[in-house]
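Remember, it's 1-based here, ligands and their atoms both numbered in the order they're listed. All of these numbers come straight from a predicted model, not from anything done at the bench. Along the sequence shown, residues are numbered consecutively beginning with 1.
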Amino acid sequence: MAIEKTLSLIKPDATARNLTGKINQMFEDAGLRIVAQKRLHLTKDQAGAFYAVHKERPFFNDLCEFMCSGPIVAQVLEGENAIAKNREIMGATNPAEAAEGTIRKLFATSIDANSVHGSDAPETAREEVAFFFSGLEIVG
Ligand code: IDP
Ligand code: MG
């Protein structure tokens, strides 16, 4: 299995409830390593640029408002099969459909305020990691 890197975001609903440590414990317990990390407060334009793929969707404006409503933690997770493993630990987008024991089942309060983001494929992982981090900031 390949060692991959993937972008993880801890969203404003989770930083507001002081859940950064509990969420990252779950990634580390599953064998993923945090090889880059920063806390930042996005502007609405930055949130829109990050989520540009969703710009035609009806929830795009609400999503951008939410993502700039408070601080986020952006991080790069590294490990075997990290892209799929992160998505598995996160759980389904809608917490009502998320499996028991996943981050979204445990912590998300709605489909908007769903606590975490994770890249969904190798190409998006590369683009999303580069959106937040330079090579110098990634230390495995
Ligand atoms: P993902 O985060 O599980 O990859 P995406 O479909 O890529 O889900 O959607 C990006 C984000 O947009 C979701 O995490 C969620 O915050 C928000 N979102 C997705 N679908 C809806 C919806 O139907 N209503 C409101 N927000 C949504
Ligand atoms: Mg997605």
| field | Salt bridge R33-E78, side-chain N to carboxylate O under 4.0 Å | value | no
| message | With the threshold set at under 4.0 angstrom, would you say M67 reaches ligand 1 through any of its heavy atoms? | response | no
| said: Can you confirm, on distance only, whether ligand 1 has an N/O atom lying under 3.5 Å from any N/O atom belonging to T93? | reply: yes
| Proximity of I111 to ligand 1 by residue part, where a heavy atom lies under 4.0 Å | both
| said: Just to be sure I read this right, does ligand 1 sit under 4.0 Å from the backbone of K11, its side chain, both, or neither, counting only heavy atoms? | reply: side chain
| Between the side chain of D13 and the main-chain N/O of S115, is any donor-acceptor distance below 3.5 Å? | yes
| message | List ligand 1 atoms under 4.0 Å from N114, heavy atoms only on the residue side. | response | 13 (C), 14 (O), 15 (C), 16 (O)
| E128 (side chain) donor-acceptor with A125 (main chain) under 3.5 angstrom | no
| So which protein heavy atom does atom 20 (N) of ligand 1 come closest to, and at what separation? | F59 CE2, 3.4 Å
| field | Donor-acceptor under 3.5 Å (R104 side chain, M90 main chain) | value | no
| message | Just to confirm my output: which protein heavy-atom neighbour is closest to atom 2 (O) of ligand 1, and how far is it? | response | R104 NH2, 3.0 Å
| Mind checking whether M90 has a heavy atom under 4.0 Å from ligand 1? | no
| field | Test item: side-chain donor near acceptor, K44 and N61, under 3.5 Å | value | yes
| Residue, atom name and distance, where the atom is the protein heavy atom closest to atom 5 (P) of ligand 1 | H54 NE2, 3.7 Å
| query | Donor-acceptor pair, S119 side chain versus A121 backbone, under 3.5 Å? | reply | no
| query | Do any N or O atoms from the side chain of E137 and from the backbone of S134 form a donor-acceptor pair under 3.5 angstrom? | reply | yes
| remark: Looking at T124, D112, D120, the heavy atom closest to atom 26 (N) of ligand 1 belongs to D112
| query | Would you say L63 contacts ligand 1, with heavy atoms under 4.0 Å as the rule? | reply | yes
| Could a heavy atom of R87 be found less than 4.0 Å from some atom of ligand 1? | yes
| Salt-bridge contact K85-E80 (side-chain N to carboxylate O under 4.0 Å) | no
